[in-house]
There are 2 protein chains.
Amino acid sequence: MVTISDVAKDAGVSVSTVSYVLSGKRPISATTRERVERSISSLGYHPQASARALASNRSSALALVVPLRRDVIVPVIMQFASGVVVTARTHDHDVLLMTQDEGAGGLQRVSGSGLVDALIVMDVEAQDPRVEVLRGLRQPAVLIGLPDDPRGLGCVDLDFAAAGRVLARHLAEHGHRALALLGPSPAVYDRGTSFATRFLRGYQQAAEEEGVRAVAHACEPSFAGVAAWLDRVESELPGLSALVVHNEAALAPLLSVLSARGRRVPEDLSVVALCPADVAVSFPVPLSAVEIPAATIGELAVEMVLDQLEGRAQPSVRLLPPEFHERASCGPAPRPATPRPRRSRATARMGS
Amino acid sequence: MVTISDVAKDAGVSVSTVSYVLSGKRPISATTRERVERSISSLGYHPQASARALASNRSSALALVVPLRRDVIVPVIMQFASGVVVTARTHDHDVLLMTQDEGAGGLQRVSGSGLVDALIVMDVEAQDPRVEVLRGLRQPAVLIGLPDDPRGLGCVDLDFAAAGRVLARHLAEHGHRALALLGPSPAVYDRGTSFATRFLRGYQQAAEEEGVRAVAHACEPSFAGVAAWLDRVESELPGLSALVVHNEAALAPLLSVLSARGRRVPEDLSVVALCPADVAVSFPVPLSAVEIPAATIGELAVEMVLDQLEGRAQPSVRLLPPEFHERASCGPAPRPATPRPRRSRATARMGS
DNA sequence: TTGAAAGCGCTACCAG
DNA sequence: CTGGTAGCGCTTTCAA
């Protein structure tokens, strides 16, 4: 194994000079630098990560904690993780992959052992017990999600409230006067996952502002679940002409069930969703949808956490604006709109 | 920060004793061990990873290289990665996440810098340039996939040939005499990805043995691609009554197109696939399918690579047997089988 | 602009 | 069964 002193010897300089050539932390004459670099590549020298970390007290690694639950949208996780890894590499950092099930203890372990310089934690819930632990660590952290009390921690996420607003408003502007939100499975609400609630609030707020009737219910992502959900909202809301879907896994069953019942999209029923682009275009009629900018969130998380690490910035909360993509699943309301009241009461609630 | 000598002082023993308590590499009296452990937890001591790695020349980390291409099946990758991380943790190892795009240089970097003790590389192609690089590294490696020349490297993968055989044979046993294989997109074959070819060979072999007619064509996973594929095989193979799908992304379009054309599954056409269980059950008619045991492959990869690291085993190739799950998409051939020839010529080829 | 050398915290060898 | 201690390969301060 070739070490820094092998390089120093070969180049006829001191060890510290080689180190400074590598780090750029002090000026080096062009000729010296060149000699050193020649030796480095001719010897095939690679600085040893552990020695560097020990001496500098920096690991050049970030921890990334990903969820494993079955109700997460796997492709979104992957996009996000890719964004993190690629961005980390452009800042000369590596990524240590951890799973949710290591829990708070895992965070303490990697932090305490100095394995990483900073942490990025996905899928953080409103009352996540890990939040308090993260606040107590030596290393900075950025969360994907928005806990109730984010003090001291960076947060990045889609602005779910704005996403809910955008979708509801879009339907209202197409003349729809009665909307239904197909929400995530009940388990997601039970867990107190804040994004579901934020989306719902945005949806309700826009519906109210636009003066349209709107219901919302959680939905199990299966054929049976979707069928039951449909029965319920159709009986609950006569004149229903548009759906907002915040449940990726329910999309396929939903569209199957609709087609089986002879309800055409968008002629009979408009559908808009929050889902990745590739999912949106995987149906016979491409879905108008808001996307989760997962890769961007990943990049941003890395940049925020490194800014905190270098003292360039304080922890802050960043909610990214939703991007709506119009495709083919949203049309005008089928029946001429009934005379629009100046200010109708919006009804929106999230039942079980 | 609390160090090993703080613990030694607190417990009234030497640092080496603390070290040996931690590693268990030499006998320690019960009383000493207890005192040391008490000090460790009362001081909240965490051994520093970098110092340990420097002194022991072991990082206790594995590199995991995941693909980023759009034609990979993301959930399978995730299952696999989870299996790797969880298993690595049970063996006291962490996982460094790398992306495909770091290429051979990335492998050399993490290897040369001693960041990891071993490497696991996913999605390895028949003529993958990384194979030669991996062979030259100091650390052992295990590949997911099967390159043409795997000498010196461990390999784990599904036995794709057996999977192709199982599916074709299953259909033949249900009386189907004319089969079509809907393969991955042409890009996959062009890339020389060995799993596609292995699956195809197994399918062809079983068809020949069973004396059934069988065609095979690559297919773009889109509505247009699937429709064109269907037109082609139906005109090419009169009496076609069963499909084998080796293209997860094409499943949804395929089933939509079939339903739009009034072809019922399984009454008019039987369909079997190679896909994850959750995908198989996400359609109106649950698909009989072979699954990729991704989590198992991940576990196995970790165990194999650690066995190599510890000198407990030589690099070897392990192909896991396919597991077929009967669901609802496969029925008997619709028309009574034509008199079965003793040994008919099977036709199977993979056109563009 | 460069060199010398003191650690960083741990492991594992050598002694006892 | 336990202690002392020489490194592991690098960074960074102090000195020149």
Side-chain angles (χ1 to χ4, degrees), chain A residues 1-37 39-40 43-61 92 94 109-117 138, chain B residues 1-37 39-40 43-61 92 94 109-117 138:
Chain A
M1 125 142 290
V2 31
T3 72
I4 196 172
S5 71
D6 295 331
V7 175
K9 231 161 280 171
D10 187 81
V13 299
S14 73
V15 169
S16 50
T17 297
V18 176
S19 177
Y20 285 117
V21 165
L22 253 17
S23 70
K25 288 189 182 173
R26 83 180 184 190
I28 300 282
S29 74
T31 54
T32 304
R33 145 166 294 114
E34 202 170 324
R35 269 221 309 266
V36 170
E37 279 166 350
S39 296
I40 286 177
L43 298 181
Y45 167 68
H46 285 276
Q48 181 129 320
S50 56
R52 183 186 288 230
L54 178 59
S56 67
N57 206 24
R58 282 295 187 91
S59 69
S60 293
D92 271 310
D94 282 291
R109 180 182 67 85
V110 299
S111 164
S113 65
L115 262 171
V116 301
D117 295 335
R138 235 188 352 279
Chain B
M1 125 141 293
V2 30
T3 73
I4 196 173
S5 72
D6 295 331
V7 174
K9 231 162 280 171
D10 187 80
V13 299
S14 72
V15 287
S16 50
T17 297
V18 177
S19 177
Y20 285 117
V21 166
L22 254 17
S23 69
K25 288 190 181 172
R26 82 180 182 191
I28 300 282
S29 74
T31 55
T32 305
R33 147 167 293 116
E34 202 171 323
R35 269 222 310 266
V36 170
E37 278 167 352
S39 297
I40 286 178
L43 297 180
Y45 168 68
H46 285 275
Q48 180 128 323
S50 56
R52 183 184 287 228
L54 179 58
S56 67
N57 207 23
R58 283 294 185 92
S59 69
S60 294
D92 272 311
D94 282 291
R109 180 182 66 85
V110 299
S111 164
S113 66
L115 262 171
V116 300
D117 295 334
R138 237 193 342 283

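All values reported here derive from a predicted model rather than from experimental measurement. Proteins come first, then strands; the chains are lettered A, B, ... in the order of their sequence lines, and each starts at number 1.
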Checklist entry - Less than 4.5 Å apart, any side-chain heavy atom of B/Val13 and any of B/Val21? => result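 No, their side chains stay 4.5 Å or more apart.
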Item to check | Residues which pass side-chain contact (heavy atoms from CB on, under 4.5 Å) with A/Ser60, listed by chain and number, not counting sequence neighbours | outcome: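 In terms of side-chain contact (heavy atoms from CB on, under 4.5 Å), with neighbours along the sequence ignored, A/Ser60 is linked to A/His93.
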Next on the checklist: My understanding is that only residues two or more places apart in sequence, or in another chain, count here; which of them pass side-chain contact (heavy atoms from CB on, under 4.5 Å) with A/Arg33?
Outcome noted: A/Ile28, A/Glu37
Test side chain to side chain donor-acceptor pair (under 3.5 Å) applied to [X] - qualifying residues, sequence neighbours left out:
X: B/Thr32; value: B/Ser29
X: A/Ser111; value: A/Gln139
X: B/Ser5; value: B/Thr3

Checklist entry - Looking only at heavy atoms, what is the nearest atom pair of B/Ser59 and B/Leu115, with distance? => result OG-O, 3.1 Å
Item to check | Closest non-hydrogen atom pair, B/Val2 against B/Leu43 | outcome: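 Heavy atoms of B/Val2 and B/Leu43 come nearest at CG1-O, 3.7 Å.
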Only pairs under 3.5 Å count here: list side-chain donor-acceptor contacts from residues 45-57 of chain A, not counting sequence neighbours, and write none if there are none.
from    : atom 1 : to      : atom 2 : distance (Å)
A/Ser56 : OG     : A/Arg52 : O      : 2.6
A/Ser56 : OG     : A/Arg58 : N      : 3.3

Next on the checklist: So if I take the C1' atoms of five pairs at each end of the helix from C/dT1-D/dA16 to C/dG16-D/dC1 and get each local axis, what angle do the two axes make, rounded to 10 degrees?
Outcome noted: 30°
Checklist entry - What does A/Thr32 touch in the nucleic acid at a heavy-atom separation under 4.0 angstrom: a base, only the sugar-phosphate, or nothing? => result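 A/Thr32: backbone/sugar contact only, no base atoms under 4.0 Å.
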Checklist outcome for this item: Outer limits of DNA chain C sitting under 4.0 Å from a non-hydrogen atom of chain A, read 5' to 3', are C/dT1 to C/dG9
Item to check | Atom pair distance, as rounded to whole Å: CZ in B/Arg35 and C1' in D/dT2 | outcome: 11 Å
Nucleotide N/O to protein N/O under 3.5 Å, stretch nucleotides 10-12 of chain D:
from   : atom 1 : to      : atom 2 : distance (Å)
D/dC10 : OP1    : A/Tyr45 : OH     : 2.5
D/dC10 : OP1    : A/Gln48 : N      : 3.2
D/dC10 : OP2    : A/Ile4  : N      : 2.4
D/dT11 : OP1    : A/Arg52 : NE     : 3.4
D/dT11 : OP2    : A/Ser19 : OG     : 2.8
D/dT12 : OP2    : A/Lys25 : NZ     : 3.1

Item to check | Residue pairs passing the side-chain hydrogen bond (donor to acceptor under 3.5 Å, both in side chains) test where at least one lies in residues 12-22 of chain A, sequence neighbours excluded | outcome: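 side-chain hydrogen bond (donor to acceptor under 3.5 Å, both in side chains) check on residues 12-22 of chain A returns A/Ser14-A/Ser16, A/Ser14-A/Thr17.
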